[in-house]
Amino acid sequence: MPEVRIVAEPRTEFGKGAARRVRRAGRVPDVLYGHGTETRHVTLPGHELLLALKTPNVLIQVEGLAGRSQLTLPKAVQRDPIRGHIEHVDLILVRRGEKVTVEVPIQVTGEVEPGGLLDQQMVRLAVEAEATQIPQGIAVNVAGMEIGAAVHAGELDLPSGVTLAAEPEALVLHVLAAPTAEQIEAELGEVPAAEEEATVPESVPGAEAATPDEPAG
């Protein structure tokens, strides 16, 4: 698991206005907590943090703190729903050799048998591993899998020292029968019953609809 060193600055102002000023300055508000310590509020450089968070479960060595640097693991990341910018990050303190529960990506390789359609139900898997030995992902090879075949969490091949934290029976992926061209055409060609039953009212020769301004008769 890669480690990234980032220098933090203490945060002394709080509230929405203060947070906006921090972000305008190119930094991100963060909190550090864990191991029974008092929660600390800091800011980290936005660009460096953005690059670091591209790696799942990256270890961040936070420096610039009073006392000594702290090894942390991102616990929660808040992003702007429109622009995608990082707005806030929770960092949990970890120790080397300490076991943590995290979610790692499931990396699927290979192609299922012709006529099959892969349906992946789970994209991340909960595992327990040492903080400095978190795998980048869990590989699943689906090459040649037949229609009806399935893979459950308990059947995955985990790296040494990593244990499953999810339910063993949880469905990771399975192979369905791919729809035929005829089935797709039939679905696209179907007309809703409501449309089929709808008819155009017949007009009566010589009759005109009455309006509020022109009473019939």
Side-chain angles (χ1 to χ4, degrees), residues 1-109 120-140 153 159 161-162 164-166 170 172-173:
M1 173 57 62
E3 294 184 23
V4 178
R5 296 179 180 274
I6 302 182
V7 178
E9 293 181 359
R11 183 182 177 201
T12 57
E13 295 183 333
F14 303 94
K16 293 183 178 180
R20 282 194 292 267
R21 288 192 292 273
V22 167
R23 298 186 189 105
R24 281 198 298 268
R27 302 185 69 83
V28 176
D30 303 81
V31 295
L32 282 71
Y33 62 93
H35 293 157
T37 62
E38 183 179 352
T39 299
R40 279 171 286 186
H41 298 267
V42 300
T43 68
L44 298 177
H47 182 65
E48 292 181 40
L49 184 60
L50 178 64
L51 294 177
L53 292 178
K54 289 185 177 181
T55 300
N57 298 311
V58 63
L59 289 171
I60 300 178
Q61 189 78 40
V62 180
E63 300 184 339
L65 303 174
R68 60 185 177 85
S69 62
Q70 294 282 1
L71 189 64
T72 68
L73 187 67
K75 187 67 174 177
V77 179
Q78 297 177 17
R79 296 180 182 269
D80 182 280
I82 298 175
R83 297 183 177 87
H85 298 161
I86 299 174
E87 294 193 327
H88 190 275
V89 176
D90 289 359
L91 299 173
I92 186 170
L93 302 176
V94 295
R95 299 188 182 100
R96 299 185 188 279
E98 174 186 10
K99 286 202 169 185
V100 294
T101 299
V102 295
E103 290 188 343
V104 297
I106 294 176
Q107 301 166 341
V108 178
T109 60
Q120 186 172 351
Q121 296 285 313
M122 188 182 297
V123 296
R124 299 178 71 84
L125 180 72
V127 299
E128 186 181 63
E130 289 189 9
T132 56
Q133 301 295 323
I134 300 172
Q136 292 291 292
I138 303 299
V140 184
V162 177
L164 184 67
V172 177
L173 54 85

- Go through Glu13 and Arg21 one step at a time and tell me if the salt bridge (Lys or Arg N to Asp or Glu O under 4.0 Å) criterion holds. CA-CA 10 Å; Glu13 295 183 333; Arg21 288 192 292 273; 3.5 Å; yes

Where do [X] and [Y] come nearest, in terms of heavy atoms and distance?
| X | Y | answer |
| --- | --- | --- |
| Thr43 | Arg27 | OG1-NE, 2.8 Å |
| Arg124 | Glu103 | NH2-O, 2.8 Å |
| Ala165 | Thr101 | CB-CG2, 3.9 Å |
| Ile138 | Pro159 | CD1-CD, 3.8 Å |
| Pro105 | Gln136 | CD-O, 3.3 Å |
| Arg11 | Pro29 | NH1-CB, 3.3 Å |

If we only count heavy atoms from C-beta on, is the [X] to [Y] side-chain gap below 4.5 Å?
| X | Y | result |
| --- | --- | --- |
| Thr72 | Leu32 | yes |
| Leu73 | Val100 | yes |
| Gln120 | Val108 | yes |
| Val58 | Pro74 | yes |
| Val77 | Leu53 | yes |
| Thr109 | Val140 | no |
| Gln121 | Val172 | no |

First locate atom [atom1] of [X], then atom [atom2] of [Y], and finally report the distance between them rounded to the nearest 0.5 Å.
| X | Y | atom1 | atom2 | value |
| --- | --- | --- | --- | --- |
| Asp30 | Ile86 | CG | CD1 | 9.0 Å |
| Ile106 | Leu125 | CD1 | CG | 5.0 Å |
| Ile6 | Gln61 | CD1 | CD | 10.5 Å |
| Arg40 | Leu91 | CZ | CG | 11.0 Å |
| Leu49 | Ile60 | CG | CD1 | 5.5 Å |
| Leu59 | Ile134 | CG | CD1 | 5.5 Å |

- Message: As a quick check of understanding, evaluate side chain to side chain contact (heavy atoms under 4.5 Å, CB included) for Val127 and Val102, giving each step before the final call.
- Response: CA-CA 6 Å; Val127 299; Val102 295; 4.2 Å; yes

- Mind running side chain to side chain contact (heavy atoms under 4.5 Å, CB included) on His35 and Arg95 for me, showing each step along the way? CA-CA 9 Å; His35 293 157; Arg95 299 188 182 100; 3.3 Å; yes

- Charged N to carboxylate O below 4.0 Å: is that the case for Arg96 and Glu3? yes

- Applying side chain to side chain contact (heavy atoms under 4.5 Å, CB included), run through Arg23 and Glu87 and close with a yes or a no. CA-CA 8 Å; Arg23 298 186 189 105; Glu87 294 193 327; 3.7 Å; yes

- Message: Between Glu130 and Thr132 (side chain of the first, backbone of the second, donor and acceptor by atom type, cut-off under 3.5 Å), is there such a pair?
- Response: no

- Residues in side chain to side chain contact (heavy atoms under 4.5 Å, CB included) with Val31, at least two apart? Tyr33, Thr39, His41, His88, Asp90

